[in-house]
Amino acid sequence: MKKFLAAISIIFLMLIMTACDTDKAAILFNRDPINEETVLNNTTIFERNERIYYLILMPKTVHSRYIYIQVIKKDNDYAQFGYKLYWANTFRLKDEQVNYYNDYLVLNESGAYIMKVYSKDNPRQVLTQAQFFVR
């Protein structure tokens, strides 16, 4: 009986302790255009009127080939819980950009911002989001 309980407890512990790693989408911000040399120079603090380069990594392919990007400003001056939709746009992914998208944006107001990325396949679920700051 002890061997049976030990075997059951070992199997139970193996099921709990092992985990599957799934790739998640991510956003990488940088001051310089993102390439192989500058990919590790990421930062989340930028100056006003400075180009903010970003790279969106998507492990799963987006079947509709369209992504929707929102930039939301966090500020207590606005009535809707301190959040304001600052910028939004829809982009079509090119043939070579099935698993990533890169571009830049320029913000002229200082504050804390959140970038959210949605797929047109499932527009209610956020693929990824990241926070950055403009001084």
**Q** Between atom CD1 of Ile27 and atom CD1 of Ile69, what is the distance when rounded to the nearest 0.5 Å?
**A**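 Result: 7.5 Å between the selected atoms.
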**Q** For Lys74 and Ile114, what are the C-alpha separation, side-chain angles and deciding distance, and is it a side-chain contact (heavy atoms from CB on, under 4.5 Å)?
**A** CA-CA 8 Å; Lys74 294 178 14 177; Ile114 299 172; 3.4 Å; yes
**Q** How many angstroms lie between atom CG of Leu55 and atom CD1 of Ile34, to the nearest 0.5 angstrom?
**A**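 If I round to the nearest 0.5 Å, the distance is 5.0 Å.
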**Q** Please examine the side chains of Thr90 and Tyr68, heavy atoms only from C-beta on, and report whether any two atoms are closer than 4.5 Å.
**A**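 Yes, close enough: below the 4.5 Å cut-off.
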**Q** Return yes if some donor-acceptor pair links the side-chain N/O of Arg65 with the main-chain N/O of Lys94 below 3.5 Å, else return no.
**A**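 Judged by distance alone, yes, a pair lies under 3.5 Å.
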**Q** Are Leu85 and Tyr83 linked, directly or through other ILVMFWY residues, by side chains that come within less than 4.5 angstrom of each other?
**A**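 Leu85 clusters together with Tyr83.
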**Q** Could you pull out the closest heavy-atom pair between Met58 and Ala25, with the gap in Å?
**A**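 Shortest heavy-atom contact: CA-CB, 4.4 Å.
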**Q** Grab the two heavy atoms, one from Lys73 and one from Glu109, that are nearest each other, plus how far apart they are.
**A**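 Scanning both residues completely, I find the closest heavy atoms to be NZ-OE1, 2.8 Å.
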**Q** Distance only, no hydrogens: is a donor on one side chain within 3.5 Å (strictly under) of an acceptor on the other, for Ser119 and Asn122?
**A**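 Judged by distance alone, the side chains do not pair up.
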**Q** Taking the six-membered ring for Trp, are Tyr86 and Tyr113 parallel (under 30°), tilted (30 to 60°) or perpendicular (over 60°)?
**A**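 The rings of Tyr86 and Tyr113 stand perpendicular, inter-plane angle above 60°.
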**Q** Could you give the distance from CD1 (Ile67) to CG (Asp121), rounded to the nearest 0.5 Å?
**A**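 Result: 11.5 Å between the selected atoms.
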**Q** For the atom pair CG (Asn108) and CD (Glu50), what is the distance rounded to the nearest 0.5 Å?
**A**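 It comes to 13.0 Å.
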**Q** Can you measure from CG (Asp103) to OH (Tyr54) and round to the nearest 0.5 angstrom?
**A**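 Nearest 0.5 Å value for the CG-OH distance: 4.0 Å.
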**Q** What heavy-atom pair brings Tyr118 and Pro123 nearest, and what distance separates the two atoms?
**A**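 Shortest heavy-atom contact: CD2-O, 3.3 Å.
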**Q** Is Leu105 reachable from Ile56 through a run of hydrophobic residues whose side-chain heavy atoms are each under 4.5 Å from the next?
**A**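 As far as the 4.5 Å side-chain criterion goes, Leu105 and Ile56 are connected within one cluster.
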**Q** Below 30° counts as parallel, above 60° as perpendicular, anything between as tilted: where do the rings of Phe46 and Phe132 land?
**A**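 Ring orientation of Phe46 relative to Phe132: perpendicular.
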**Q** Side chains of Arg135 and Ile45: does their closest heavy-atom pair fall under 4.5 Å?
**A**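 A side-chain contact under 4.5 Å exists here.
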**Q** When clusters are formed by joining ILVMFWY residues with side-chain heavy atoms under 4.5 Å apart, either directly or through shared neighbours, do Leu107 and Trp87 land in the same one?
**A**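 Yes, same cluster.
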**Q** What's the spacing between Arg31 CZ and Ile52 CD1 if we round to 0.5 Å?
**A**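 Those atoms lie 9.0 Å apart.
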**Q** Val39, Tyr53: one ILVMFWY side-chain cluster at the under-4.5 Å cut-off?
**A**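 Per the 4.5 Å side-chain linkage, Val39 and Tyr53 are co-clustered.
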**Q** State whether the side chain of Asn41 and the backbone N or O of Asp32 hold a donor-acceptor pair below 3.5 Å, judged by distance alone.
**A**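 The answer is no, because no donor-acceptor pair under 3.5 Å joins these two groups.
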**Q** Looking just at side-chain N and O atoms, do Tyr100 and Asn102 make a donor-acceptor pair shorter than 3.5 Å?
**A**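 Side chains of Tyr100 and Asn102: no pair found under 3.5 Å.
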**Q** Please give me the minimum heavy-atom distance between Phe29 and Ala130, naming the atom from each residue.
**A**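 So the two residues come closest at CE1-CB, 3.6 Å.
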**Q** Could you state whether Leu57 and Tyr101 fall into the same hydrophobic cluster, counting links through intermediate Ile, Leu, Val, Met, Phe, Trp or Tyr residues with side-chain heavy atoms under 4.5 angstrom apart?
**A**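 Per the 4.5 Å side-chain linkage, Leu57 and Tyr101 are not co-clustered.
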